[in-house]
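Read the structure below first, then the notes.
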Protein chains: 2
Amino acid sequence: MSLGTTSPATAPLARPLYRHIKVFVREHVESGAWPPGHRVPSENELVSQFNVSRMTAHRALRELQQEGVLARRPGVGTFVREPSRRTSLIDIRNIADEITARGNRHSCSVELKATIIATDQLATAFDLDRGTELFHVVLVHRERTGHDKAVPVQLENRYVNAKVVSDFLEHDFKSSTPTALLLAAIQPDEIEHTVTAIRPTKEHQRLLEVKSGEPCLSLHRRSWSGEHVVTVAELIYPASRYSLHGRHRPANV
Amino acid sequence: MSLGTTSPATAPLARPLYRHIKVFVREHVESGAWPPGHRVPSENELVSQFNVSRMTAHRALRELQQEGVLARRPGVGTFVREPSRRTSLIDIRNIADEITARGNRHSCSVELKATIIATDQLATAFDLDRGTELFHVVLVHRERTGHDKAVPVQLENRYVNAKVVSDFLEHDFKSSTPTALLLAAIQPDEIEHTVTAIRPTKEHQRLLEVKSGEPCLSLHRRSWSGEHVVTVAELIYPASRYSLHGRHRPANV
DNA sequence: AAGTGGTCTAGACCACCAG
DNA sequence: TGGTGGTCTAGACCACTTT
């Protein structure tokens with residue numbers, strides 16, 4: 001092959017070659033087939049196996065190193081890294097479990113349930129093409145103490161990658177929350193969250209039964225499983241009714 | 001040059017070429033010479049300017065994109081991204097470093113600096129006997145963008161265990177923030193934080209120059225080193241000016 | 001000496017976007 | 001149509017580590 005031919009003539013796949021190799025390695029690591037410390041194929045071995053140039057194999061391994069999956073040592077080899085021991089400030093926990101653990105009763109109402117086409121903004125958040133199919137749900141979670149009236153404690157505005165969890169909308173979210181269903185379907189291996197304080201909109205005020213002056217916490221979260229962003233959620237908490245808490249060891253100690 | 005000669009024969013530099021380009025771009029971004037939205041040189045322009053191959057220029061720009069410095073659009077060009085004012089929920093960052101990394105200028109004013117005797121509440125937080133000596137400082141951190149006025153971005157209300165960091169009050173906190181000094185003195189091996197949304201008090205409004213209706217984030221943090229609670233801090237951020245961010249792998253995966 | 005990863009080149013093809 | 005970024009190749013030289 002004398003020219004720099006790009007897309008493989010043998011496989012008309014949308015995914016670039018270096019991502020093929022990344023997926024191949026990730027699958028072995030995540031399935032446990034290659035445990036921590038296991039030596040992964042060298043660049044030259046991947047060149048032979050995948051019929052790619054060394055630059056392509058190198059890029060795949062380098063990115064997995066940057067993502068914390070692999071450790072590389074010049075002159076030695078590439079190895080599967082120990083999983084991070086660090087715990088999260090905010091683990092993904094099922095709010096229904098939190099409430100029942102406090103001895104109170106959880107309930108929720110489904111305000112919206114729809115299949116949508118990704119807007120630009122959502123496509124960026126999911127790292128997908130614009131126009132991809134997504135599921136969208138809006139729920140209000142309530143907590144009831146003793147015989148009092150149930151109080152809204154969380155507004156859940158969630159989008160789900162339809163390709164990854166295709167049966168998501170088949171549930172009614174009454175017996176299990178979206179969080180519980182998603183955790184049962186896939187194990188997230190990466191989480192991102194951004195916390196801000198916001199003034200509730202009219203819609204927030206109505207659904208959460210808060211006054212306009214009461215500040216709310218907005219927790220924006222993305223969860224990955226392998227290559228894919230599985231779900232993007234915006235969780236709004238009335239500040240007077242919830243706080244976020246975490247305790248952990250810092251990263252580099 | 002017919003062969004793939006690597007390190008430039010003309011410059012025996014330790015830094016690889018793609019990092020040269022990264023530094024070049026970063027310096028322009030952080031100095032403000034290339035403001036957000038500014039178009040950065042295309043790959044082909046960098047090829048000419050730096051006398052490198054396109055792969056090398058591409059790698060530099062791609063990594064800066066992954067690091068959140070640049071945004072790239074196929075068919076259009078590469079642009080400087082809007083810096084985000086946010087801090088980490090996972091480790092302890094020096095706010096002065098965060099601000100300078102965005103290309104802005106940090107300043108702070110010391111509002112209070114005192115030695116106090118622990119109240120019941122503080123003694124509990126530090127897990128010490130009531131009456132123990134503590135240091136107490138209050139600072140306002142400000143950020144200045146370009147030639148604008150410095151804007152308050154954080155109110156730091158901090159208590160320090162006097163036994164653990166006995167020379168803490170000898171600093172003026174102008175050249176180094178309390179965070180920087182504490183990190184230099186001791187390595188925290190455990191962190192706890194609690195995040196809430198609050199309505200600013202009159203004092204908050206005055207020091208942070210916010211209106212009463214603007215919600216604020218309150219980040220309450222305790223840091224341990226060995227057996228001792230080293231410091232307890234309440235960090236207040238105007239919600240419109242800062243958010244908290246974390247991205248990590250969950251613990252139990 | 002052989003193998004590893006780190007870097008680099010000088011080409012190439014492609015999808016995309018603007019004028 | 002020409003410029004942009006995205007990907008890929010088939011070589012290369014180097015520092016490093018293990019045998």
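A quick note: this is a predicted structure, and the numbers were derived from the prediction, not measured. Proteins get letters first, then strands, A, B, ... in listed order; numbering begins at 1 in each.
Nearest-nucleotide assignment on DNA chain D puts the 5′-proximal partner with B:L61, out of B:L61 and A:T56. For B:P74 and A:R19, each mapped to the nucleotide of DNA chain D holding its nearest heavy atom, the one lying further toward the 5' end belongs to B:P74. Checking A:M55 against A:G77, the closest nucleotide of DNA chain C that is more toward the 5' end is the one next to A:G77.
Between B:N44 and D:dG3 there is no side-chain polar atom (N or O) within less than 4.0 angstrom of OP1 or OP2. Here A:R72 reaches the OP1 or OP2 of C:dG6: one of its side-chain N or O atoms lies under 4.0 Å away. Not one side-chain nitrogen or oxygen of B:Y18 sits closer than 4.0 Å to the OP1 or OP2 atom of C:dC8. The shortest distance between the side-chain N/O atoms of A:S42 and the OP1/OP2 oxygens of C:dG3 is not below 4.0 Å. In this model, the phosphate group of D:dG11 is not approached by any side-chain N or O of A:S53 to a distance below 4.0 Å at OP1 or OP2.
When distances run from any side-chain atom of A:H58 to the nucleotides D:dC8, D:dG6, C:dG6, the shortest one goes to C:dG6. Proximity note for B:E45 (side chain, C-beta onward) versus D:dT4, C:dC8, D:dT9: the nearest is D:dT4. With C:dG6, D:dT17, C:dA10 as the candidates, the nucleotide lying closest to the side chain of A:V76 is D:dT17. In this structure, of C:dC8, D:dC8, C:dT4, it is C:dC8 that holds the atom nearest to the side chain of B:P16. In this structure, the nucleotide among C:dC8, C:dG5, D:dT7 sitting nearest to the side chain of A:E43 is C:dG5.
The distance from atom CZ of B:R15 to atom C1' of D:dC14 is 19 Å, rounded to the nearest whole Å. Atom CD of A:E63 is separated from atom P of D:dG6 by 12 Å (rounded to the nearest Å). Taking atom NE2 of residue A:H20 and atom P of nucleotide D:dC8, one finds them 10 Å apart after rounding to whole Å. Between A:L46 atom CG and C:dG5 atom C1' there is a gap of 12 Å when expressed in whole angstrom units. Per the geometry, CZ belonging to B:F79 stands 11 Å off P belonging to D:dT4, to the nearest Å. What separates CD1 of B:I21 from C1' of C:dC8 is a distance of 11 Å, to the nearest Å. Between A:R62 atom CZ and C:dT4 atom P the separation is 18 Å, expressed in whole Å. Atom CZ of A:F50 is separated from atom P of D:dC8 by 12 Å (rounded to the nearest Å).
Contact check on B:E63 versus A:R62 returns a salt bridge, with a Lys/Arg side-chain nitrogen under 4.0 Å from an Asp/Glu carboxylate oxygen. Classification of B:K149 and B:E209 as a salt-bridged pair holds, one side-chain N sitting under 4.0 Å from a carboxylate O. Salt-bridge annotation for B:E143 and B:R102: present, with a side-chain N of the basic residue lying under 4.0 Å from a carboxylate O of the acidic one.
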Stepwise salt bridge (charged side-chain N to carboxylate O under 4.0 Å, His left out) test for A:E43 and A:R72: CA-CA 11 Å; A:E43 297 185 359; A:R72 315 196 73 191; 2.8 Å; yes
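If you check every strand for non-hydrogen atoms under 4.0 Å, A:R54 touches a base. Note on B:R39: only backbone sugar-phosphate atoms sit closer than 4.0 angstrom, heavy atoms only; bases stay farther off.
Centroid-to-centroid, the aromatic rings of A:Y159 and A:F126 stay 6.0 Å apart or farther. For A:F173 and A:F168, the ring centers are positioned less than 6.0 Å apart.
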